[in-house]
Every structure is written in structure tokens, then in C-alpha cells.
Amino acid sequence: FETGSLAGCRVLVTAGPTREAIDPVRFVSNRSSGRMGYAVAAAAREAGARVTLVSGPVALDGPAGIERVMVETAEEMRVAVQAHLTGCDIFIGAAAVADYRPAQAAAQKLKKHNATLSLDLVRNPDILAEVARAHPRPFTVGFAAETEDLDANARTKRMQKSLDMIAANRVGPGQGFDVGDNALTLYWEGGSESLPHQSKTRLARELIARIAQRFHDAPPS
Ligand code: C5P
């Protein structure tokens, strides 16, 4: 990890979960703590970048020296990302964006009239894939959190979303989400590398060093 390896670069990072309203008091979300994304944003700052962090609801303080934009829903995250994309050199999508949201948020609190309740869910926009389709586009990095077939799922996801790099990690009980350490395998066009299990802070520095290297060697086309 070289201090200054991203000097003069603008980096945009998403982190944390999103919340999708069911009614005024309830939401659909996931177990993301935001820790990996926050560590990535801090590591990019340490490497000399100007960093904007678009964050879903988390219990973390904003890292020093970083512009933080708080959002709640996937749609709000998408709007915030689009608003900060101009001039961005590197985009790192570490947020656990909810894949689906309730088709309609109820205006009033739902009442428990029936023994069962069905929620109609609709797909959320894929923020990362949209960034990767932009012209010009930043060097685009995604995450793949998987419970199985890590290698195959990550490679497929990188191709389908046209990413310059994907960082894959296992998730499950005590792994990946809501814990302080993690391991990552990185995939790019023509290569891969496993970064060993360590604190998310150290892991993020290693990830940023690899991103900086690939960004300078193979800028986005
Ligand atoms: O397809 P999957 O959700 O597993 O892809 C994960 C990657 O895509 C992460 O980098 C995540 O931040 C990003 N993503 C996104 N918008 C979505 C879903 C995922 O930016 N709606």
C-alpha cells in the first residue's frame, strides 16, 4: 500500500445497506454494517484521493477528510451516485443495495388482520451496472457477497456488469457481514488474487493498492 498512489484522483464509494419502506414504521433491509465500505473509503483517502462516500443507514462515524452523503433507499443512493459521478476516476460499489423493494409503501401502518401477509416486491435499479454503462465511465469496482460458488458467481458478475474489478467474499453466520474482519478474492480481466483473512481496515488498504495499480496500468476504456 503506497501513500499517494491515488493522489489527485476522485473516488466515489457506496457503503452500507439500503432500507426499503413497507409502511411508515417498517422496512426491508439486510445485515450489512457498512464497515467494509467505510474502510475502503478511508483507505482511498489515505492513498491521497478525494473521496465521496454515499452511505446507507449505518452506526458508523464518517471517516475524517471524506465527504459523506447519507441516504436510505436504493433509489436515493442511485440519485446521490449520479449526482457525484462527474469527474469521478474510480467507483467502488461496496453497498449491499436491496435487490427488491415493496411495490408500494403503505401510507399508514399495516394492521395484523390476517394470519399471513404477502409483500409484492419489485426490482431495484442496479446502481453499479448503471455506473459501468456510463460514458465516460470511471474505473468500476464491485463486490460479490456469496454463500456458495464464490469463484464462478464473482467471475460471471464481473462480466455481466462490465466491471474492471470485482472483490468477492463469503458471507454467512459470523462471516463477511457485521464482523470486523474479512477475506477477499479479486478478479479482473486476465487475473485474480486472493487477499488473506485480516481486519477490514488492512484488507481495504490492500484492495486500494490493487485498484490503484490496475487503474494506472489499465484505465477504463
Ligand atoms: O448482483 P449483486 O447484488 O450480488 O452485485 C453486488 C454488487 O453490485 C455490489 O458491488 C453492489 O454494491 C452492487 N449493486 C448495486 N445496486 C444493486 C445491487 C447491487 O450497486 N441494486
Side-chain angles (χ1 to χ4, degrees), residues 1-16 32-49 51 53 63 66 88-97 126-129 131-133 137-221:
F1 174 71
E2 268 179 75
T3 311
S5 57
L6 290 181
C9 289
R10 285 204 44 203
V11 175
L12 182 56
V13 181
T14 66
S32 169
S33 66
R35 281 196 254 189
M36 193 67 226
Y38 274 56
V40 167
R45 176 79 197 90
E46 280 175 39
V51 181
L53 174 61
I66 285 170
C88 167
D89 300 296
I90 299 172
F91 177 81
I92 305 169
V97 183
D126 191 319
I127 299 164
L128 178 64
V131 169
R133 282 196 295 267
R137 68 175 201 149
F139 186 92
T140 308
V141 182
F143 276 76
E146 305 288 348
T147 56
E148 58 183 0
D149 298 332
L150 192 63
D151 182 88
N153 280 322
R155 289 177 191 276
T156 305
K157 211 163 272 188
R158 192 186 76 77
M159 301 296 285
Q160 280 174 350
K161 300 196 192 205
S162 308
L163 308 178
D164 295 290
M165 185 185 283
I166 196 159
N169 65 298
R170 272 184 203 290
V171 289
Q175 249 189 331
F177 274 2
D178 214 9
V179 292
D181 45 34
N182 203 0
L184 291 175
T185 305
L186 312 184
Y187 302 86
W188 59 90
E189 186 66 47
S192 70
E193 182 182 358
S194 289
L195 303 179
H197 197 269
Q198 56 196 306
S199 75
K200 286 182 177 175
T201 301
R202 290 176 51 189
L203 196 57
R205 289 180 183 144
E206 295 220 14
L207 172 62
I208 285 296
R210 303 311 187 280
I211 290 172
Q213 190 183 357
R214 295 291 308 162
F215 170 66
H216 293 302
D217 290 355
S221 44

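Here the side chain of T14 pairs a donor or acceptor atom with the backbone of A95 at under 3.5 angstrom. Between the N153 side chain and the E148 main chain, a donor and an acceptor come within less than 3.5 Å of each other. Of the possible polar contacts, none joining the K157 side chain to the F143 backbone as a donor-acceptor pair under 3.5 Å is found.
At a threshold of 4.0 Å, the pair D164-R137 counts as salt-bridged, since one of the basic side-chain nitrogens sits closer than that to a carboxylate oxygen. For E206 and R202, the salt-bridge test fails: no basic side-chain N is under 4.0 Å from an acidic carboxylate O.
Atoms CE and CD, from M165 and Q213 in turn, are 8.5 Å apart once rounded to the nearest 0.5 Å. Rounding to the nearest 0.5 Å gives a distance of 5.5 Å between CG of N182 and CG of L203. S199 contributes atom OG, which lies 7.5 Å from atom CZ of R205 (distance to the nearest 0.5 angstrom). Here the straight-line distance linking atom CG of N169 with atom CG of L195 works out to 11.0 Å at 0.5 Å rounding. In this structure, OG in S192 is found 12.5 Å from CD1 in I166, a value given to the nearest 0.5 Å. Considering CD1 of I208 and CZ of F215, their distance stands at 11.5 Å, rounded to 0.5 Å.
Minimum interatomic distance between L53 and G37 (heavy atoms only, all atoms of both residues): CD1-O, 4.4 Å. Across every non-hydrogen atom of A44 and V11, the tightest pair is CB-CG1, 4.2 Å. Closest of all the heavy-atom pairs between F139 and A218 is CE1-O, 3.8 Å. G142 approaches L128 most closely through the heavy-atom pair CA-CD2, 3.6 Å. Contact record, A41 with I66: O-CD1, 3.4 Å, taken as the closest heavy-atom pair. Nearest heavy-atom pair, R214 versus W188, reported as atom, atom and distance to 0.1 Å: CZ-CD1, 3.2 Å.
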**Message:** Checking L6 against V51 for the side-chain contact (heavy atoms from CB on, under 4.5 Å) test, could you report, in this order, the C-alpha distance in whole Å, the side-chain angles of both residues, the deciding distance, and whether it holds?
**Reply:** CA-CA 10 Å; L6 290 181; V51 181; over 6 Å; no
**Request:** Evaluate the criterion side-chain contact (heavy atoms from CB on, under 4.5 Å) for residue pair M36 and L184; output intermediate values, then yes/no.
**Result:** CA-CA 11 Å; M36 193 67 226; L184 291 175; 4.2 Å; yes
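Side-chain contact between L207 and V40 is present, with heavy atoms from C-beta onward closer than 4.5 Å. Inter-residue side-chain proximity for L12 and P138 is flagged as unmet; no heavy-atom pair is nearer than 4.5 Å. Between V141 and L186, every side-chain heavy-atom pair lies at or beyond the 4.5 Å cut-off.
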